[in-house]
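Notes follow the structure.
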Amino acid sequence: MNNEFREIDENLKEIRFNIAETVAKYRSQDEKIRIMAVTKTVPPEKVNHAVSLGIDLLGENRVQEYLSKKDEYDSSAEVHIIGHLQTNKVKYIIGSVAMIQSVDSIRLAEEINRLAAKNGKIMDVLCEVNIGGEESKSGVAPDSLNELLQGAARLENIRVCGLMTIPPPTDSDVYLARMQELFMSVKESRPDGINMDILSMGMTHDYERAVKYGSNLVRIGTGLFGARNYK
Ligand SMILES: *Cc1c(COP(=O)(O)O)cnc(C)c1O
């Protein structure tokens, strides 16, 4: 086995260990934390190696890159869209992805709904929240989340399953805590037609702290595959 593959083995072992330790400390024992492998710039052979180690979830940022790689992926893993999605690109991915985590406008939700209906499917989605209010980031403002959720709940061919966020890259836990609070408050209000089961939060630099604050889906790129090679 080559060194790059061995590095992925070691990295995944460490990630699983760290998550198990964090769950033991802060969460209840039966809680499952799903690990997503974020594949941007990673060649399909390496992605498939991660799948051979038990990774069953892949995260895609860029539609174009995903389309160029998807036929080479081991089809046993689910694919979720996690990058900003333009409405005119939905048609390319609607048939092959299991979830769109980056829904941040009713216009996008409506287009997903329309094409899901056309494809005879119900598309699982998460609403992306811009918890830090950063201008550079997509996601709906926390104040506008309820309106988006209510609008999405009325669409018959999408199913809202939870929330996703990319908190500001600080070492502070403030935004992680704020996101957990928001997630719990929506969950406790039991909105009609919406499931609040998934909190997708945490990347390489903050996944352990994210798990501490209630995340049950962490999205890891460089921590698993190594530094990205942008061409
Ligand atoms: C790139 C990316 C990740 C993974 O980031 P790393 O720091 O490499 O772990 C997670 N989520 C989203 C939305 C991303 O774009």
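Remember, it's 1-based here, ligands and their atoms both numbered in the order they're listed.
When only non-hydrogen protein atoms are considered, atom 12 (C) of ligand 1 lies nearest to I82 CD1, 3.6 Å. At the top of the distance list for atom 11 (N) of ligand 1, counting protein heavy atoms only, stands R219 NE, 2.9 Å. Ranking the protein heavy atoms by distance from atom 9 (O) of ligand 1 puts T204 OG1, 2.4 Å first. Taking atom 14 (C) of ligand 1 as the reference point, the nearest protein heavy-atom neighbour is K40 NZ, 2.9 Å.
Below 4.0 Å from some heavy atom of G221 lie the following atoms of ligand 1, by number and element: 4 (C), 6 (P), 8 (O), 9 (O). Below 4.0 Å from some heavy atom of I220 lie the following atoms of ligand 1, by number and element: 9 (O). Residue-ligand proximity, I166 to ligand 1, at heavy-atom distances under 4.0 Å covers atoms 13 (C). Within ligand 1, the atoms closer than 4.0 Å to a non-hydrogen atom of N61 are 14 (C), 15 (O), numbered from 1 in the order shown.
Using a 4.0 Å cutoff on heavy atoms, H205 does not count as a contact of ligand 1.
For the pair K46 and F225, the cation-pi criterion (under 6.0 Å, within 45° of the ring axis) is not fulfilled.
Under the 4.5 Å side-chain criterion, counting only non-hydrogen atoms from C-beta, V51 is not in contact with D56.
Residues E65 and S68 have side chains that never bring a donor and an acceptor to within less than 3.5 angstrom of each other. Y207 and N18 share a donor-acceptor pair across their side chains, judged by distance under 3.5 Å alone.
Salt bridge status for K69 with E72: absent, with no side-chain N to carboxylate O gap under 4.0 Å.
For the pairing with E78, the side-chain contact (heavy atoms from CB on, under 4.5 Å) check across L58, D124, L57 returns one residue only, L57.
Checking only distances, M203 never comes within under 3.5 Å of ligand 1, N or O to N or O.
Applying the side-chain hydrogen bond (donor to acceptor under 3.5 Å, both in side chains) test to E208 and every residue at least two apart in sequence or in another chain returns nothing.
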